[in-house]
2 protein chains.
Amino acid sequence: MSDNGQTIERALRRRGVRLTRARRAVLDALLQTERHLTAAQVHSLGRQSCPSLSLASVYRTLALLQSLGHVQPVHGDDECQSYAIAPAAHSHQLICSSCGMTYAFSECDLSALVAEMEARTGFRIDAHLLELRGLCPKCRDT
Amino acid sequence: MSDNGQTIERALRRRGVRLTRARRAVLDALLQTERHLTAAQVHSLGRQSCPSLSLASVYRTLALLQSLGHVQPVHGDDECQSYAIAPAAHSHQLICSSCGMTYAFSECDLSALVAEMEARTGFRIDAHLLELRGLCPKCRDT
DNA sequence: GTAAGTGCAAACCTTTTGCAATCGG
DNA sequence: CCGATTGCAAAAGGTTTGCACTTAC
């Protein structure tokens with residue numbers, strides 16, 4: 001399993017979360033594809049390593065992983081029902097609009113923009129959601 | 001109706017879209033509240049001005065307005081089923097996490113970040129999704 | 001007048017939930 | 001061993017669709 005995988009498993013263990021076959025299957029599906037996947041896609045992929053995996057467990061596991069910050073929903077105008085690995089607590093995604101490949105990153109200096117918007121609107125801004133979209137190297141060259 | 005409303009109605013007319021009572025009701029609901037609303041919320045608000053308004057028409061109208069860029073979904077970790085007015089084609093939302101008030105803006109200079117991510121990953125980036133969250137002036141002071 | 005749009009109700013899908021059986025630590 | 005977790009099946013939502021009727025232009 002990838003480094004991400006080991007890190008996440010360690011974090012889960014630390015939290016006292018049981019590492020069941022079903023949970024590993026969900027995690028592996030997301031780690032192996034490096035793409036954003038719907039619950040149904042995770043289900044069918046996950047069945048390869050855990051044939052008894054139920055869709056209900058996929059949903060329960062995705063919710064668990066999301067609440068612990070290891071998985072993030074991918075938005076975009078239509079596909080808000082996909083999930084991808086999020087290595088860090090605050091992270092954003094760079095998404096290939098062709099193959100769905102995702103790359104997570106944490107850098108995002110929006111302080112100038114945030115300051116300007118606070119001054120203009122009187123809001124106090126404390127969070128943001130950022131996604132970048134484009135073509136990954138493979139899809140770009142084809 | 002607000003300026004936004006007049007501008008949007010003009011744009012719709014130009015496109016040859018019929019301005020029916022149902023469509024006006026949906027538009028008015030979004031324009032008047034200045035908050036992001038779910039389809040169900042638009043429905044019950046819209047019924048005040050169009051008592052026969054059906055939920056099906058709300059969905060059809062929201063899809064139409066979104067496809068024309070006048071309305072945008074509001075994301076956030078759970079509430080991807082809300083919509084808010086988007087005055088410009090490329091616009092982002094500043095959202096009050098307390099009352100749901102939205103403020104749309106178009107400025108977003110992410111060129112430095114985009115350039116860095118392109119260099120680091122080999123992606124060609126051509127779009128982004130950005131949302132800022134915080135407390136609006138009213139909610140901040142209470 | 002005519003085609004686009006509406007309301008209704010049924011169909012569809014995705015997601016959640018209750019419960020007995022199973023499994024991880 | 002014991003409680004957390006699972007799979008199943010049923011329930012619950014939310015969204016879409018077919019169709020006859022209505023309305024905007």
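Letters go in sequence order (proteins before strands), and every chain restarts at 1.
For the 3.5 Å distance criterion, the side chains of B:His128 and A:His92 fail to qualify, holding no donor opposite an acceptor.
C:dT14 atom C1' lies 14 Å from atom CD of A:Gln41, rounded to whole Å. Atom CG in B:Leu53 sits about 12 Å away from atom C1' in C:dG5, given to the nearest Å. Atom P of nucleotide D:dT6 and atom NE2 of A:His43 are separated by 12 Å, given to the nearest angstrom. The nearest whole Å value for the distance from the CZ atom in A:Arg23 to the C1' atom in D:dA4 is 8 Å. As rounded to whole Å, 14 Å separates atom C1' of D:dT16 from atom CG of B:Leu62. Atom C1' of nucleotide D:dA24 and atom CG of B:Leu12 are separated by 14 Å, given to the nearest angstrom. If you take CG of B:Asp78 and C1' of D:dG14, they are 15 Å apart, rounded to a whole angstrom. Atom CD of B:Glu9 and atom P of D:dA24 are 13 Å apart (whole Å).
Contact between B:Glu131 and B:Pro73 at its shortest, heavy atoms only, is OE2-O, 4.2 Å.
Pairs of residues two or more places apart, or lying in two chains, that qualify as side-chain hydrogen bond (donor to acceptor under 3.5 Å, both in side chains) and include a residue from residues 42-53 of chain A are A:His43-A:Arg47. Under the side-chain hydrogen bond (donor to acceptor under 3.5 Å, both in side chains) criterion, the residue pairs touching residues 31-42 of chain B are B:His36-B:Ser82, B:Thr38-B:Gln41, with sequence neighbours excluded.
When the nearest nucleotides of DNA chain C are assigned to B:Ser57 and A:Gln81 by heavy-atom distance, the more 5′-ward of the two goes with B:Ser57.
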Problem - Nucleotide-resolved protein contact map, nucleotides 17-25 of chain C, B/S/- at heavy-atom distance under 4.0 Å - result: BB----BBS
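A donor-acceptor pair under 3.5 Å is formed between the side chain of A:Glu118 and the backbone N or O of A:Ile125. With hydrogens and angles ignored, the 3.5 Å screen pairs a side-chain donor or acceptor of A:Gln93 with a backbone N or O of A:Ile85.
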